[in-house]
Student: 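Encoded as structure tokens, here's the structure I'll be asking about.
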Amino acid sequence: MLDQVKKNSKFERLFVFLTCYYAFFVNGMMVLMVGTILPYLIEEANLSFSIAGGLLSAFAIGNLLASFVNPPIIAKFGRKRTIIALSSLIPICLIIIMGIPSIPVLYLSFVFLGIGRGSVSIFNNTVVNERAEGKSSMLNILHMAFAIGAFLAPFLSSLYISHQLTWKHLGYTVVALFALTILLLCFIPIPLDEGKSKGIKKEQTNTNRSYIKSKDFYVIGLILFFYLGLENCVNGWFITYFKKSGIMSDKLATNLVSYTWLAVMIGRLVTAFLSTKVKKKTLILINCILTTGFLGLLISTTNVNIIVLSITLLGFFFAGIYPTCIANAGSIIKGSPSGMSMLLAIAALGGIIAPQIVGIIADAIGLGGAIGVLLFSNVFMVFFAIINFKRNVIE
């Protein structure tokens, strides 16, 4: 009898992990799909670059809002009901977007799409972390699943287009995959009242808040601010940039972002290995410098081979910046939830602001010039990485 209970427990735990991995895989596809469909949306909805940049920023805003929306809803209705409801926003919003509604509705759809994306991320990271029993490998597999989905989305788009299908068919595919996600979440063996409480627990007053006075905290926050701005622009703008440049086929332009994500997967594995042998602030500085160098090479040439090499190495070197910065801030935050929330909020602001700035500048001087402005953002990232390197942060 006891053996049967253990077998059931193992099966339920496996089902939880596989459901989270699948949900994060589809979430990765959806995130990259947003950048993949943007040039088609610009054309069919007759959008300016500024409005298109606003849509990317709205998506990032929704992702940030998910951190504030989830806790009170979970406290009232439980984790399972919350994720089923909020993840349902993704297929609903995708269907609305594919209908090419008015611009205000498009903005709202991208905000709620971002809330759904962020909610899936919060649920998966929390559930896997709680059930991993201290095994970091489980979380690594989770984020690898996201990267694989992100890697496959542009390739799937190219495949569809080569068979005379449209971007909307990619959207319908992701909608169908998310429908399966929601169905799996309905059956996931998690108690309905898990996470539910009579009141939201507030952080203890004696929790460490010394990070507020730490200059190092804000230096690392600003590195992440400029980094996430670059990442969101790569995901959101680069397919449009490559297609508008006219120096490569639409198929290659779409596939290039997949090459970036393949490089990101490899880069994160290499960074995880190097982080045990090299100081974190040294890794951050090297990655920031090389990211800036390859971005400069990317936008300064029309040679397709050099562009492919540049964007691949760009992905490889910026892959380790975010996780290494979070780890570098660990001694400053010392486990404070409010400290981590503030650090991630600073980073998220960069991801919100940068795509909008690129869109506004693109309307004024063209998309090529606007992408070039990202170099200034990268220079600031290197500047703060140098400050971080020179300061005596405990690692």
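A quick note: this is a predicted structure, and the numbers were derived from the prediction, not measured. In this chain, residues are counted from 1 in sequence order.
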Student: Given side chain to side chain contact (heavy atoms under 4.5 Å, CB included), test Tyr40 with Ile161 step by step and report yes or no.
Tutor: CA-CA 12 Å; Tyr40 303 105; Ile161 292 170; 2.7 Å; yes

Student: Looking only at the side chains, is there a donor atom on one of Thr291 and Tyr227 sitting less than 3.5 Å from an acceptor on the other?
Tutor: no

Student: Using atom types as modelled and distance alone, determine if a side-chain donor or acceptor of Thr260 lies under 3.5 Å from a backbone N or O of Leu256.
Tutor: yes

Student: Return the minimal non-hydrogen interatomic distance between Val358 and Cys233, and the atom names on each side.
Tutor: CG2-SG, 3.8 Å

Student: First locate atom CZ of Phe24, then atom CZ of Phe146, and finally report the distance between them rounded to the nearest 0.5 Å.
Tutor: 6.0 Å

Student: With clusters defined by side-chain heavy atoms of hydrophobic residues (ILVMFWY) lying less than 4.5 Å apart, directly or transitively, does Val379 cluster with Phe226?
Tutor: no

Student: Working note: Glu44 + Lys168, criterion side chain to side chain contact (heavy atoms under 4.5 Å, CB included); need CA distance, chi angles, decisive distance, verdict.
Tutor: CA-CA 11 Å; Glu44 293 189 24; Lys168 291 185 180 181; 4.0 Å; yes

Student: Around atom CZ of Phe380, are there more than 12 heavy atoms from other residues, nucleotides or ligands closer than 6.0 Å?
Tutor: no

Student: Keeping Lys80 on the side-chain end and Cys186 on the backbone end, is there a donor-acceptor pair under 3.5 Å?
Tutor: yes

Student: Could you check whether any side-chain N or O of Thr324 sits under 3.5 Å from a backbone N or O of Gly320, counting only pairs where one atom can act as donor and the other as acceptor?
Tutor: yes

Student: Check whether any side-chain heavy atom of Ile212 sits under 4.5 Å from a side-chain heavy atom of Tyr218, and report yes or no.
Tutor: yes

Student: Minimum heavy-atom separation for Val120 to Ala23, with atom names?
Tutor: CG1-O, 4.1 Å

Student: Taking the side chain as every heavy atom from C-beta outward, state whether Ile51 and Tyr107 have any atom pair closer than 4.5 Å.
Tutor: yes

Student: When you measure from the side chain of Ser50 to the backbone N and O of Ile360, does any donor-acceptor pair fall under 3.5 Å?
Tutor: no

Student: Exactly one of Ile307, Ile371, Leu367, Leu252 should register a side chain to side chain contact (heavy atoms under 4.5 Å, CB included) with Phe242. Which one does?
Tutor: Ile307

Student: Between atom CD1 of Ile90 and atom CG of Asn27, what is the distance when rounded to the nearest 0.5 Å?
Tutor: 5.0 Å

Student: Could you measure the distance from the CG atom of Leu228 to the CG atom of Asn63? Nearest 0.5 Å is fine.
Tutor: 8.5 Å

Student: Going by heavy atoms in the side chains, are Ile42 and Phe49 under 4.5 Å from each other?
Tutor: yes

Student: Supply the atom-to-atom distance Thr181 OG1 to Phe25 CZ, rounded to the nearest 0.5 angstrom.
Tutor: 9.5 Å

Student: Could you go step by step and tell me if Met33 and Leu156 meet the side chain to side chain contact (heavy atoms under 4.5 Å, CB included) rule?
Tutor: CA-CA 10 Å; Met33 190 200 78; Leu156 190 59; over 6 Å; no

Student: Measure the shortest side-chain to side-chain distance between Leu297 and Ile306 over non-hydrogen atoms and say whether it is less than 4.5 angstrom.
Tutor: yes

Student: What is the minimum heavy-atom distance between Ala385 and Cys288, and which atoms define it?
Tutor: CB-SG, 3.9 Å

Student: Nearest 0.5 Å, please: how far is CG in Leu375 from CE in Met381?
Tutor: 10.5 Å

Student: For a 4.5 angstrom cut-off between non-hydrogen side-chain atoms, does Phe15 reach Leu184?
Tutor: yes

Student: Using a 4.5 Å cut-off on heavy atoms from C-beta on, say whether the side chain of Phe316 contacts that of Val264.
Tutor: no

Student: How far apart are the closest heavy atoms of Gly236 and Leu38, and which atoms are they?
Tutor: O-CD2, 3.2 Å

Student: Which heavy-atom pair separates Asn232 from Gly351 by the least distance, and what is that distance?
Tutor: ND2-O, 3.0 Å

Student: Just so I know, are the side chains of Met265 and Leu262 near enough to count as touching, which here means a heavy-atom distance under 4.5 Å?
Tutor: yes

Student: Do side-chain atoms of Lys280 reach the backbone of Asn328 as a donor and acceptor pair under 3.5 angstrom?
Tutor: no

Student: With a 4.5 Å limit on heavy-atom distance, are the side chains of Tyr172 and Leu165 in contact?
Tutor: no

Student: Measure the spacing between CD1 of Ile321 and OG1 of Thr271 and express it to the nearest 0.5 Å.
Tutor: 9.0 Å

Student: Using only atom types and a distance under 3.5 Å, with no angle test, would you say the side chain of Trp237 pairs donor to acceptor with the backbone of Pro355?
Tutor: yes

Student: Take Phe318 and Asn287, measure what side chain to side chain contact (heavy atoms under 4.5 Å, CB included) needs, and give me the verdict at the end.
Tutor: CA-CA 6 Å; Phe318 82 45; Asn287 284 334; over 6 Å; no

